[in-house]
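Note: hydrogens, waters and symmetry copies are ignored here, and every other heavy atom, side chains too, is used. First the proteins, then the strands, lettered A, B, ... as listed; each starts at 1.
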Amino acid sequence: MTDDEPNERRTADRDFDVDLDDVLEDEEDDEEGGLFDDLLSGEPIFENKEVLRPSYTPHELPHRNEQINNMATILVAALRGETPSNILIYGKTGTGKTASAKYVSQELENTSRKYDVPCEVEYINCEVTDTQYRVLAQLANTFIEQNRDYARGRIRDIESLIEDAEDDPSALAETEFESVRDAERRLEDLERDLEEMEEVPMTGWPTDRVYSVFFEAVDYVERVAVIMLDEIDKLVEKSGDDTLYNLSRMNSELDNSRVSIIGISNDLKFTDFLDPRVKSSLGEEEIVFPPYDANQLRDILQHRSKDAFKADALSEDVIPLCAAFAAQEHGDARRALDLLRTAGELAERDQSDVVTEEHVRRAQDKIELDRVVEVVRTLPTQSKLVLFAIMMLEKHGVHNINTGEVYNIYKTLCDEIDADVLTQRRVTDLISELDMLGIVNAVVVSKGRYGRTKEINLSVPIDETEAVLQADSRLGDIENVTPFVQARFDN
DNA sequence: CTTCCACAGGAAATCCTGGCGC
DNA sequence: GCGCCAGGATTTCCTGTGGAAG
């Protein structure tokens with residue numbers, strides 16, 4: 001039932017576009033001038049779609065109380081002016097690590113403001129900020145910014161204090177200053193500090209200079225700084241553990257302030273690559289976020305859907321189904337939400353005012369297709385060629401393709417587009433890679449007398465794959481190779 | 001039971017690229 | 001700008017193997 005509909009899209013296939021919202025306008029509605037009318041007139045399904053996006057931080061995180069309390073117990077030290085232990089958070093994608101950590105840090109900052117304890121949390125996503133330099137520069141700049149605000153505030157306070165004191169000298173009695181002169185001296189200091197605070201440029205400085213600027217910025221006022229490093233494994237992978245080493249030993253040299261690190265990692269084993277010293281200081285406390293099971297996912301979806309959808313926009317089996325699908329894929333809440341959102345979008349496009357089970361199933365297919373399209377699109381050329389060869393064979397009705405056949409076609413394809421021809425050894429590896437990506441299915445079988453080989457089958461929709469492959473500029477003009485394939489069959 | 005196909009897939013050698021210190 | 005090196009991709013060379021055919 002899902003295979004029927006791509007037909008009408010044939011003509012537009014060349015310009016393969018995966019984004020749902022874009023396809024939307026082309027597909028239905030040929031009426032001039034009424035492009036958006038129909039879409040608008042339908043009963044909207046979403047109340048607030050943002051709630052379903054991964055970037056949204058919810059106010060409540062069902063089934064994460066234990067982890068959240070755990071973090072809070074550790075971080076409460078910051079509010080007493082002590083250094084909290086460093087925390088390492090583990091968990092697969094979509095288990096609520098980032099959301100929980102952000103929630104806790106928000107609460108921490110709120111409370112610190114309430115009791116007037118200086119405590120700040122800095123969030124850094126190491127996938128974006130992925131080198132030691134960038135991490136330090138970003139931290140330095142945010143702290144510098146804060147210090148400036150602080151200095152300006154103090155300057156204002158002192159100025160008005162001096163003004164008061166000129167009228168009535170007793171105004172100074174309750175303050176730290178002994179005289180107007182003293183206050184003025186302090187004022188000058190602050191202004192000079194403000195002058196000297198220099199922002200770290202995006203690039204150009206030696207790393208140790210950035211480090212010392214950062215160091216001084218942190219130490220400028222008394223405070224507890226919590227540094228949250230999301231996707232910390234990416235940082236370690238790309239630029240080693242120097243950053244972490246520097247950060248974790250900072251405390252012994254700071255006079256006024258304290259730093260504490262929260263590391264968030266997808267990879268349970270990433271500490272294996274760390275210097276033992278870093279490892280022990282970073283992992284003082286470890287919190288694990290296990291994957292959600294289907295019931296927990298259902299609660300989460302239930303919870304979010306209240307804000308996301310109009311009342312009664314979901315038929316009752318929608319949420320359990322989304323939860324079940326996502327639970328099969330390692331309990332990823334992000335996936336579950338994505339599924340629900342996509343299902344809603346599909347329903348919206350159907351002008352339906354209720355999201356049904358059917359929409360969820362289609363959403364599941366669509367997400368899977370998008371994933372495949374993305375994977376295939378970003379494949380290296382050689383892998384694309386191998387896949388192309390498999391696809392051509394499949395297209396001619398060959399199933400259980402074996403390596404030799406693929407290799408032969410592959411060679412002619414390479415000739416055709418003037419690419420390097422890899423060895424068969426290498427091609428078998430490429431096939432295995434495609435297998436691991438789930439694009440093809442390859443099983444080693446023995447055909448007795450006729451040797452031992454892989455049996456390969458395409459495990460993705462053939463038309464879409466072809467479209468994506470031909471969208472590659474280097475593979476675009478390959479169509480006329482069909483005779484080659486044909487010729488091979490005749491032998 | 002032996003043979004022998006048509007590869008799989010391990011190990012080491014080689015090529016290539018980009019970063020780093022000077 | 002240059003040599004050096006790490007580490008990834010690829011090649012070369014190789015041994016291993018399940019089971020139909022004989």
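Distance alone, capped at 3.5 Å, places no donor-acceptor pair between the A:Asn441 side chain and the A:Ser459 backbone. Listed for the A:Lys97 side chain is no donor-acceptor partner under 3.5 Å among the backbone atoms of A:Tyr90.
Rounded to a whole Å, the CD1 atom of A:Ile431 is 11 Å from the C1' atom of B:dC7. Here C:dA9 presents its P atom at 7 Å from CZ of A:Arg426, a figure rounded to the nearest Å. Put simply, CD on A:Gln424 is 17 Å from P on C:dC14, counting in whole angstrom units. Atom CZ of A:Arg425 is separated from atom P of C:dT15 by 15 Å (rounded to the nearest Å). Rounded to whole Å, atom P of B:dA6 lies 15 Å from atom CD of A:Glu455. Atom pair A:Leu430:CG and C:dA9:P shows a separation of 10 Å (rounding to whole Å applied). Note: CG (A:Asp420) to P (B:dC16) measures 10 Å, nearest angstrom.
Between A:Lys447 and A:Asn402 the shortest side-chain heavy-atom distance falls below 4.5 Å.
In this structure, OG1 on A:Thr403 lies 10.0 Å from CD on A:Glu455, to the nearest 0.5 angstrom.
Within 6.0 Å of CD in A:Glu196 there are more than 12 heavy atoms belonging to other residues, nucleotides or ligands.
Relative to the six-membered ring of A:Tyr220, A:Arg148 misses at least one condition, a distance below 6.0 Å or an angle of at most 45° to the axis.
Taking every side-chain heavy atom of A:Asn402 into account, B:dC7 is the closest of B:dA8, B:dC7, C:dT12.
Against DNA chain B, the stretch residues 432-454 of chain A makes heavy-atom approaches under 4.0 Å through A:Val444, A:Gly448, A:Arg449, A:Tyr450, A:Gly451, A:Arg452, A:Thr453, A:Lys454.
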